[in-house]
Amino acid sequence: QVQLVESGGGLVQPGGSLRLSCAASGFTLDFYIIGWFRQAPGEERGGVSCLDINVGSAYYADSVKGRFTISRGNAKNTVYLQMNNLKPEDTAVYYCVAGGATSVQAMCHSNYGLDHWGKGTQVTVSS
């Protein structure tokens, strides 16, 4: 059974950092593209960052470039999203997503291959 479980969300002040974790079970990340999507109240879900472990490529939305980093953990079925210099507009529920998209751009930018979703973790950036 495919399962994605997110953790690491919370309340942080502007300029602070959080690291989100996604633990995958029931499948091997090597054969999927995995990413982070987010949804703020009243907005549509959108791709934040996606990672293709096989080819070593990553995608970042313009709004998070230079602040967020996606990586694979030493526990190989774990993926992290390191979020630095957080801003109030980063407030959202963050979802871990895995699927068979053909590229990180296809998944994160064009919303293709969004096959498996976690339940999400809340990130709130506020003073």
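Closest of all the heavy-atom pairs between Thr91 and Ala40 is O-CB, 3.6 Å. Residues Leu81 and Ser49 share a closest heavy-atom pair of CD1-CB, 4.0 Å. Taking every heavy atom of both residues into account, Trp36 and Tyr94 meet most closely at CE3-CB, 4.3 Å. The minimum heavy-atom distance between Gly47 and Ala61, with the atom names listed, is O-CB, 3.6 Å. Heavy-atom minimum distance, Arg67 versus Asp90: NH1-OD2, 2.8 Å.
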Report, one line per pair, each donor and acceptor closer than 3.5 Å where one atom sits in a side chain of residues 8-31; sequence neighbours left out.
residue: Ser17; atom: OG; partner: Asn84; partner atom: OD1; Å: 2.9
residue: Asp30; atom: OD1; partner: Arg72; partner atom: NH1; Å: 3.4
residue: Asp30; atom: OD1; partner: Arg72; partner atom: NH2; Å: 2.5

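Atom NZ of Lys119 is separated from atom CD of Gln3 by 7.5 Å, given to the nearest 0.5 angstrom. Rounding to the nearest 0.5 Å places CG of Asn77 at 11.0 Å from OH of Tyr32. Atom SG of Cys96 sits about 11.0 Å away from atom NE2 of His116, to the nearest 0.5 Å.
Listed by first then second residue, pairs satisfying salt bridge (charged side-chain N to carboxylate O under 4.0 Å, His left out) with a partner in residues 41-64 read Asp62-Lys65, not counting sequence neighbours.
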*Report the C-alpha separation of Asn85 and Phe68 in whole Å, then their side-chain angles, then the decisive distance to 0.1 Å, and conclude whether the side chain to side chain contact (heavy atoms under 4.5 Å, CB included) test is met.*
CA-CA 9 Å; Asn85 190 22; Phe68 290 11; over 6 Å; no
*side chain to side chain contact (heavy atoms under 4.5 Å, CB included) evaluation trace for Thr69 with Tyr80*: CA-CA 8 Å; Thr69 303; Tyr80 299 113; over 6 Å; no
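Ser63 has its side chain within reach of Arg38: a pair of non-hydrogen atoms, C-beta onward, lies under 4.5 Å apart.
The hydrophobic cluster containing Val97, built from Ile/Leu/Val/Met/Phe/Trp/Tyr side-chain heavy atoms closer than 4.5 Å, also comprises Ile33, Phe37, Tyr59, Val93, Tyr95, Val104, Met107, Leu114, Trp117.
Using a 4.5 Å cut-off between side-chain heavy atoms of Ile, Leu, Val, Met, Phe, Trp and Tyr, with links allowed through other members, Tyr112 and Val48 fall into different hydrophobic clusters.
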